[in-house]
Amino acid sequence: ADKFKICWSIYVGWMPWALADNSGIVKKWADKYDIEIEVVQINDYIESINQYTAGAFDACTMTNMDALTIPAAGGVDSTALIIGDFSNGNDGIVLKGTDNLKDIKGQNVNLVELSVSHYLLARALESVDMTEADVKVVNTSDADMVAVYGTDDVTSVVTWNPLLSEITAMPNSYQVFDSADIPGEVIDILLINTETLAANPALGKALVGAWYETMALMEGDSPEAIAARTFLAEASGTDLAGYDAQLDSTEMFYTPQQALELNNSKTLMETMESVAEFSFKHGLLGDGAPDAGFIGIETPTGVFGSPDNIKLRFDPTYMQHAADGKL
Amino acid sequence: MKRLINAAPSRVSAMALGILPFVLLLIIYSMGSDARLEVNPNDKLLPSFAQMGDAIQRMAFEPSKRTGEYLFWQDTLSSLTRLGMGMLIAASLGLVIGLSTGALPLARAGFSPLVTVISLVPPLALLPILFIVFGLGEVSKVALIAIGITPAIAREIQRRTEEIPSEQIVKAQTLGANTAQIFSRVLLPQLLPRLIDSVRLTMGSGWLFLISAEAIASTDGLGYRIFLVRRYMSMDVILPYVFWITLLAFLLDLLLRLANKRLFPWYQ
Amino acid sequence: MKRLINAAPSRVSAMALGILPFVLLLIIYSMGSDARLEVNPNDKLLPSFAQMGDAIQRMAFEPSKRTGEYLFWQDTLSSLTRLGMGMLIAASLGLVIGLSTGALPLARAGFSPLVTVISLVPPLALLPILFIVFGLGEVSKVALIAIGITPAIAREIQRRTEEIPSEQIVKAQTLGANTAQIFSRVLLPQLLPRLIDSVRLTMGSGWLFLISAEAIASTDGLGYRIFLVRRYMSMDVILPYVFWITLLAFLLDLLLRLANKRLFPWYQ
Amino acid sequence: MIAIDNVNKTYGDNVVLERVSASVQEGEFVTLVGASGCGKSTFLKMLLGTEVPSSGSLLLDGEPIPNEPDSSRGIVFQQYSVFPHMTVLANVLAARGFLQPGITGRLWGKKRAQALGDAKALLLEVGLEHALNKYPHELSGGMRQRLAIAQALLDQPRILLLDEPFGALDPGIRADMHKLVLRLWKQHRLTVFMVTHDLQEAFHLGTRLWVFDKIRHDPDAPQAWGATITYDLSVTEVGVDEYQKMQEDLGQPIPPFSLVS
Amino acid sequence: MIAIDNVNKTYGDNVVLERVSASVQEGEFVTLVGASGCGKSTFLKMLLGTEVPSSGSLLLDGEPIPNEPDSSRGIVFQQYSVFPHMTVLANVLAARGFLQPGITGRLWGKKRAQALGDAKALLLEVGLEHALNKYPHELSGGMRQRLAIAQALLDQPRILLLDEPFGALDPGIRADMHKLVLRLWKQHRLTVFMVTHDLQEAFHLGTRLWVFDKIRHDPDAPQAWGATITYDLSVTEVGVDEYQKMQEDLGQPIPPFSLVS
Ligand SMILES: Nc1ncnc2c1ncn2[C@@H]1O[C@H](COP(=O)(O)OP(=O)(O)OP(=O)(O)O)[C@@H](O)[C@H]1O
Ligand SMILES: Nc1ncnc2c1ncn2[C@@H]1O[C@H](COP(=O)(O)OP(=O)(O)OP(=O)(O)O)[C@@H](O)[C@H]1O
Ligand SMILES: [Mg+2]
Ligand SMILES: [Mg+2]
């Protein structure tokens with residue numbers, strides 16, 4: 001049987017892969033299509049994407065923005081196999097001592113530079129007619145964000161859960177902007193190598209099948225679902241309440257239909273355009289990129305950018321199979 | 001009154017003096033902790049000893065709900081295995097390289113500059129490449145330790161080899177020894193205790209590399225756990241883990257020191 | 001034929017032998033790079049030398065579009081400043097502590113165990129506390145280096161102080177010297193070159209701590225840039241930066257070695 | 001001047017010296033010989049003040065000997081007696097500087113000029129006038145010991161302790177050193193204690209010779225008994241026979257005249 | 001047996017030895033004396049094969065001396081001549097093992113038993129039979145040199161080179177070592193070259209004495225001329241006067257008889 005490797009890192013929307021792997025669901029689906037799938041957890045998110053980009057994995061979890069700026073910009077033709085969720089408050093901007101986003105002017109903002117946090121900040125500033133030039137961005141590692149926030153010289157941070165909820169729980173802290181204000185723009189996907197997928201449709205089917213079975217298992221209040229989420233909570237280093245809180249600010253697509261709705265909508269295209277523009281402005285599309293459309297992005301509603309250089313594809317085929325119950 | 005430089009404490013007061021700073025540290029810590037918890041009972045930076053005790057109890061003596069393992073011991077085992085393997089490889093490679101460059105003029109000419117340059121490269125900066133080359137499994141973590149430590153050990157062993165009086169090499173030759181015999185009977189046995197010493201010296205960097213590697217790609221290990229709970233700033237787990245690492249480092253050092261004494265009675 | 005252990009290359013062939021491995025490495029790299037770029041011209045893992053040259057050109061000789069600074073030099077300056085300050089603090093503290101514990105029996109009894117234990121603590125694991133205590137600015141980066149390096153230097157200086165023959169201390173006393181004079185005239189001057197040596201030895205760890213600190217919270221610096229561009233896997237920037245760090249480390253080492261030779265003609 | 005009364009010295013179970021008694025007048029040149037490890041250096045250390053007797057008394061001018069080294073008692077060891085990081089001149093100057101109170105013991109102005117003069121005169125006396133700016137590692141072994149002696153003498157100690165000062169020197173160089181020591185001893189009116197392994201040297205230099213040895217010996221517990229002064233001789237009184245007997249006792253070679261003449 | 005013909009040795013500009021010529025018969029005991037740094041050790045190294053003459057020829061039985069050490073020429077240095085990580089017995093056994101081909105040079109079975117017998121016999125001869133399982137650091141300096149000699153002799157070399165073998169020993173211990181060396185020399189029919197600083201020793205042990213010295217000397221360029229053999233004496237011929245003159249030349253002390261008799 002053909003062997004494949006996928007990787008994921010610790011984040012609320014990707015945790016289900018831990019369950020899928022641990023409960024044997026992945027194996028079950030792999031067996032069904034007579035392939036082997038190895039699921040690998042990688043602690044460091046960026047490292048997981050780099051590994052995927054370098055070819056060490058066939059598929060990997062990441063956000064839409066990182067999918068564009070790392071693998072796609074690195075020349076790896078990739079397909080969004082599963083749209084798992086979008087961040088609906090999971091990423092946010094926190095200020096100390098004020099609940100007004102405008103007060104951010106002139107402050108040092110601690111965030112992981114060039115990540116979705118950076119993008120969120122850019123969108124937030126736009127909403128109050130400011131630009132990045134109005135603040136000073138300080139690159140800060142995500143693992144240390146909570147500790148850093150405790151110091152006096154840090155007055156504003158942009159980060160994601162679970163760090164976000166740790167930070168907002170601290171006194172005198174106000175979440176002034178979050179991803180719920182730009183719904184559907186920060187999307188968590190399972191990205192797969194287009195060539196591999198084309199050559200091995202069985203892999204796509206097995207992964208999608210496993211994913212939605214896992215989704216079904218963890219949704220709701222049945223004892224099985226509670227047990228499943230407790231398992232995920234512990235795997236991400238928190239407890240059930242903590243994990244459920246993270247889920248609350250995540251728009252999980254428990255069914256393929258929900259995911260398809262976003263995938264096939266016009267908004268996806270607009271979102272990707274805005275992401276591409278942001279990325280281009282920050283030099284993330286590579287030095288050869290003359291404009292934001294240098295890398296072509298294919299969506300069901302059309303192609304953004306150069307049609308000759310399509311490297312990122314939103315392809316609903318396999319999710320559609322799942323929706324149609326044809327797996 | 002004696003001059004300060006001549007004033008030596010008795011054995012008992014020396015012990016007391018040695019313990020004093022630790023006691024002071026503990027007192028300062030609990031005062032700081034109390035003060036912060038007073039203001040904000042949910043403060044996580046300086047947990048009380050009771051909170052740390054709870055955390056240890058949970059990690060070390062209750063099976064994980066998720067996997068049924070005792071996380072603390074599982075982490076310890078994984079980390080020690082990686083560290084041990086990495087140091088073992090580094091020591092073996094370092095010995096071979098250092099012995100050759102130290103004893104063979106031809107090897108020295110060929111490899112000494114390379115080893116010097118490699119020893120200056122910061123291995124952390126090369127992590128991405130390392131992970132690509134060695135994959136993300138145990139190999140890459142062991143490899144980071146090995147790559148980080150080998151040049152240091154190789155250079156130390158080279159220096160030590162050069163320190164062995166050339167008289168001994170000449171003497172061995174006048175007794176008819178060939179190069180292989182000089183290596184196996186004269187140089188190697190004399191370098192083993194020095195190798196252990198140099199493993200002891202580089203063990204600190206070994207821990208650093210281990211923790212860094214586990215932070216990036218791992219699913220267990222002491223470094224992994226620290227970085228995992230760092231997102232929630234669970235200092236009640238981090239501090240006991242740091243203490244435990246310190247203790248392990250101390251015990252390993254002690255073990256190696258004793259081994260050296262026992263195995264090589266002629267050394268020092 | 002001479003025995004291998006006696007076969008020494010001539011000066012010229014020694015040079016050639018020394019360069020050979022570097023040339024081989026370069027060849028292997030370009031073969032690997034070509035192979036990958038052949039398959040995917042946008043591949044980022046092993047950039048060609050031309051790509052790296054472009055990246056350097058962009059970073060070092062063209063002002064940044066965003067800030068108007070020459071990033072490469074800005075990074076270098078920041079990192080060297082932090083490293084220099086950190087090492088300076090570590091050296092000063094290490095000297096004071098090591099000299100006291102090495103020469104004064106009372107100080108040894110009181111602090112030697114503490115220094116030993118602290119030297120075993122992995123400082124990376126304590127970063128959060130460090131940030132709280134020192135804030136996020138330059139101080140915490142310098143502090144991480146200082147905290148990471150000081151115990152190693154202190155222990156080394158203690159050892160070296162103990163190595164100074166006690167005959168000298170006795171002799172100074174028979175010449176009427178008090179403790180302060182023994183410190184300032186006999187011990188301190190003899191320890192300075194050893195301090196420089198031990199700074200050289202610990203410089204590697206210094207770079208490690210610097211890179212780690214810059215990776216965590218910074219707006220410039222060599223480590224910052226490497227970890228930032230790691231986000232989009234720009235190995236064409238990372239590799240020249242690593243090379244540059246290696247070169248800087250080499251130059252710093254050379255500088256310290258020459259300073260030692262020049263300043264302390266009596267040393268070795 | 002020095003009164004040694006029933007001094008014992010033990011390290012734990014190891015009895016090193018036992019019931020040592022003697023008294024020494026100002027200006028005597030006492031040479032100490034004895035087997036290796038019998039406690040000669042330990043005895044010197046007690047005179048110096050870095051070790052104290054386990055029992056018994058050691059009086060200098062009727063007072064107990066200070067339990068720390070000070071400038072009344074100079075010392076030269078077999079090695080490491082000079083400061084390697086100072087030039088020859090600085091080594092000797094330091095000896096004067098250390099007499100100042102203060103933290104650095106550096107000399108300034110008139111005092112420095114005075115000390116410079118004294119130091120140079122002394123270095124001339126020991127024959128190092130051409131090496132003033134050399135570092136000890138640039139000197140031969142013999143020159144290093146000359147420097148150590150000059151340094152020890154600058155502050156005019158009353159007592160000079162020498163622990164095998166020429167043990168590491170070639171025989172050829174020793175003769176010069178002997179001349180030097182004898183000259184300085186007379187000139188500076190020193191009381192000298194000198195440990196040596198070389199009986200010839202001991203006879204040649206000393207006015208008085210002490211042999212340290214164990215009188216009691218337990219083969220099962222060699223550490224149970226200590227050494228004491230077994231011979232205390234005025235050197236001028238010794239005859240050829242006695243000399244040769246001692247030489248055989250100490251196992252030293254017979255001079256080659258019997259072979260060649 | 002050994003023919004030295006017009007040998008020169010230079011290190012860069014430094015001329016160490018110049019026009020050295022001599023021939024030595026099997027069984028001679030040659031002692032070499034001379035000022036420090038005049039090239040005695042260098043000469044020994046050429047005999048050993050670790051240095052080669054810059055010009056001239058050095059023949060052993062008519063063949064050029066091999067340019068590497070081998071088991072035909074044993075050596076004992078002043079220090080470091082034994083392996084510190086082996087016991088006394090293992091040190092001597094290693095000498096036999098190294099004659100084996102192979103990587104480890106360990107002995108097994110009958111060969112080992114044979115070697116064990118030989119080694120023990122030799123160690124008995126040098127008086128180390130009670131210290132078979134001690135490590136060198138547990139031995140006194142004299143015992144260590146005995147061990148070095150035993151080790152060098154196990155493989156029956158034809159030539160034994162000694163570079164100040166007793167330089168670091170106490171005079172008391174030397175006498176015993178002299179007896180030992182003379183006995184072994186006769187018993188094993190060795191040709192011995194021994195460097196020493198001690199003229200007495202040189203006379204006592206050697207059948208032939210070489211003095212190395214410079215004949216030409218340029219005070220402005222002390223390295224421009226090298227040393228050569230200035231005296232080549234058959235020891236038994238030397239009279240008291242000549243001895244005393246040489247002693248003064250080398251600056252060595254007059255024995256104390258003039259003082260005490
Ligand atoms: N600090 C010490 N602690 C314990 N034992 C000591 C100490 N100093 C010396 N000894 C022991 O005291 C004995 C005498 O030593 P000492 O150095 O006085 O001998 P010595 O006569 O000077 O010998 P040598 O001729 O070798 O210099 C030795 O057995 C030595 O082991
Ligand atoms: N490898 C070398 N390279 C350069 N010069 C050397 C080397 N070996 C020895 N010399 C020089 O050769 C000269 C003779 O040295 P050698 O060791 O033979 O003298 P020696 O007579 O044995 O002296 P000593 O009595 O001090 O042992 C010295 O000036 C020394 O500096
Ligand atoms: Mg002594
Ligand atoms: Mg020599």
Side-chain angles (χ1 to χ4, degrees), chain B residues 91-92 95-96 98-100 102-108 156-157 159-199 256-268, chain E residues 41 44-45 47-51 66-88 90-107 133-139 147-149 151-157 159-161 163:
Chain B
S92 319
L95 180 66
V96 170
L99 188 54
S100 318
L104 301 178
L106 284 173
R108 174 161 357 166
E156 174 76 6
I157 292 294
R159 244 193 314 273
R160 297 279 168 234
T161 308
E162 287 167 355
E163 267 174 27
I164 291 182
S166 64
E167 280 89 341
Q168 288 183 25
I169 317 284
V170 171
K171 176 91 181 206
Q173 295 186 58
T174 65
L175 302 177
N178 58 34
T179 300
Q181 288 170 349
I182 293 176
F183 268 71
S184 71
R185 299 293 304 279
V186 180
L187 298 176
L188 189 63
Q190 290 196 61
L191 287 171
L192 286 181
R194 294 171 170 98
L195 180 66
I196 290 185
D197 270 351
S198 107
V199 165
L256 289 175
R257 214 150 20 119
L258 289 182
N260 235 359
K261 230 186 201 156
R262 178 66 61 91
L263 295 176
F264 309 103
W266 49 267
Y267 181 60
Q268 274 179 351
Chain E
S41 296
L44 235 53
K45 281 183 198 157
L47 289 177
L48 187 64
T50 57
E51 292 283 354
N67 67 352
E68 282 191 302
D70 61 32
S71 57
S72 69
R73 290 154 293 162
I75 185 145
V76 174
F77 298 102
Q78 180 170 359
Q79 313 186 58
Y80 309 124
S81 304
V82 296
F83 303 123
H85 59 293
M86 298 183 188
T87 60
V88 166
N91 255 291
V92 180
L93 275 181
R96 179 64 50 85
F98 286 153
L99 291 182
Q100 310 288 110
I103 289 176
T104 67
R106 287 206 182 272
L107 296 162
N133 292 315
K134 290 203 167 162
Y135 285 101
H137 74 99
E138 300 170 291
L139 304 178
L147 174 59
I149 294 171
Q151 196 182 36
L153 292 184
L154 186 76
D155 298 338
Q156 315 250 0
I159 302 170
L160 182 61
L161 306 169
D163 195 350

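Computation of the quantities below employed the complete heavy-atom set of this structure, encompassing side-chain atoms and omitting hydrogens, waters and symmetry-equivalent molecules. In what follows, chains are A, B, ... by sequence order, proteins preceding strands, each numbered from 1.
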Visitor: Tell me, for B:Pro193 versus chain E, whether the close heavy atoms (under 4.5 Å) come from the side chain, the backbone, both or neither.
Guide: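 Neither; nothing under 4.5 Å.
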Visitor: Is E:Pro101 in contact with chain B via its backbone, its side chain, both, or neither, using a 4.5 Å heavy-atom distance?
Guide: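 It is the backbone, since no side chain atom gets that close.
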Visitor: Select, from E:Ala152, E:Ala94, E:Pro157, the one with the greatest count of heavy-atom pairs under 4.5 Å involving chain B.
Guide: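 Of the options given, most contacts go to E:Ala152.
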Visitor: Flag yes if more than 12 heavy atoms outside E:Ile103 fall under 6.0 Å of its CD1 atom; otherwise flag no.
Guide: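 Result for CD1/E:Ile103: open.
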Visitor: Quick check on E:Arg106 against chain B: is it the side chain, the backbone, both or neither that has a heavy atom closer than 4.5 Å?
Guide: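 Both backbone and side chain of E:Arg106 come within 4.5 Å of chain B.
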Visitor: Using the salt bridge (Lys or Arg N to Asp or Glu O under 4.0 Å) rule, collect all pairs that involve residues 190-199 of chain B, keeping only residues at least two apart or in two chains.
Guide: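 Of all non-adjacent pairs touching residues 190-199 of chain B, those that pass salt bridge (Lys or Arg N to Asp or Glu O under 4.0 Å) are B:Asp197-B:Arg200.
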Visitor: What distance separates B:Thr174 OG1 from E:Leu160 CG, expressed to the nearest 0.5 Å?
Guide: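 Rounded to the nearest 0.5 Å, the OG1-CG separation comes to 9.5 Å.
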Visitor: Sequence neighbours left out, what passes salt bridge (Lys or Arg N to Asp or Glu O under 4.0 Å) with B:Glu156? Give chain and number order.
Guide: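 Checked B:Glu156 against salt bridge (Lys or Arg N to Asp or Glu O under 4.0 Å); matches are B:Arg159, B:Arg160.
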Visitor: With a 4.5 angstrom heavy-atom cut-off, which part of E:Thr50 approaches chain B: side chain, backbone, both or neither?
Guide: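 For E:Thr50, the contact with chain B is made by the side chain alone.
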Visitor: Taking only residues two or more places apart in sequence, or in another chain, which ones meet B:Gln173 in a side-chain hydrogen bond (donor to acceptor under 3.5 Å, both in side chains)?
Guide: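 Residues passing side-chain hydrogen bond (donor to acceptor under 3.5 Å, both in side chains) with B:Gln173: C:Arg3, C:Asn6.
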Visitor: Let me know if E:Leu154 has heavy atoms under 4.5 Å from chain B in its side chain, its backbone, both or neither.
Guide: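 Looking at E:Leu154, nothing touches chain B.
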Visitor: Could you look at E:Tyr135 and say if it's the side chain, the backbone, both or neither that has a heavy atom under 4.5 Å from chain B?
Guide: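 Contact with chain B involves the side chain of E:Tyr135 alone.
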Visitor: Does B:Gln181 use its side chain to pair, donor to acceptor, with the backbone of E:Gln100 at less than 3.5 Å?
Guide: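 Yes, the answer is positive, given that a donor and an acceptor are paired below the 3.5 Å cut-off.
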Visitor: Between B:Gln168 and E:Phe83, is any pair of side-chain heavy atoms under 4.5 Å apart?
Guide: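 B:Gln168 reaches E:Phe83 side chain to side chain.
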Visitor: Has the side chain of B:Asn178 got a donor or acceptor atom that lies under 3.5 Å from a matching backbone atom of E:Gly102?
Guide: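 Yes, the answer is positive, given that a donor and an acceptor are paired below the 3.5 Å cut-off.
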Visitor: Give me the atom names and distance for the closest heavy-atom approach of B:Leu175 to E:Phe98.
Guide: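 So the two residues come closest at O-CB, 3.4 Å.
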Visitor: Main chain of E:Ala148, side chain of B:Lys171: is a donor-acceptor contact present, judged purely on distance under 3.5 Å?
Guide: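 Here the side-chain-to-backbone pair exists.
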Visitor: Which residues in residues 184-191 of chain B have any heavy atom lying under 4.5 Å from a heavy atom of chain E?
Guide: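 Residues B:Ser184, B:Arg185, B:Val186, B:Pro189, B:Gln190 are the ones that qualify, each having a heavy atom under 4.5 Å from chain E.
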Visitor: Measure distances from E:Gln151 to the heavy atoms of chain B and classify the residue's part below 4.5 Å as side chain, backbone, both or neither.
Guide: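 For E:Gln151, backbone and side chain are both near chain B.
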Visitor: Inspect the surroundings of OH in E:Tyr80 and state if more than 12 heavy atoms from other residues, nucleotides or ligands are less than 6.0 Å away.
Guide: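 No, because the 6.0 Å sphere around OH of E:Tyr80 holds 12 heavy atoms or fewer from other groups.
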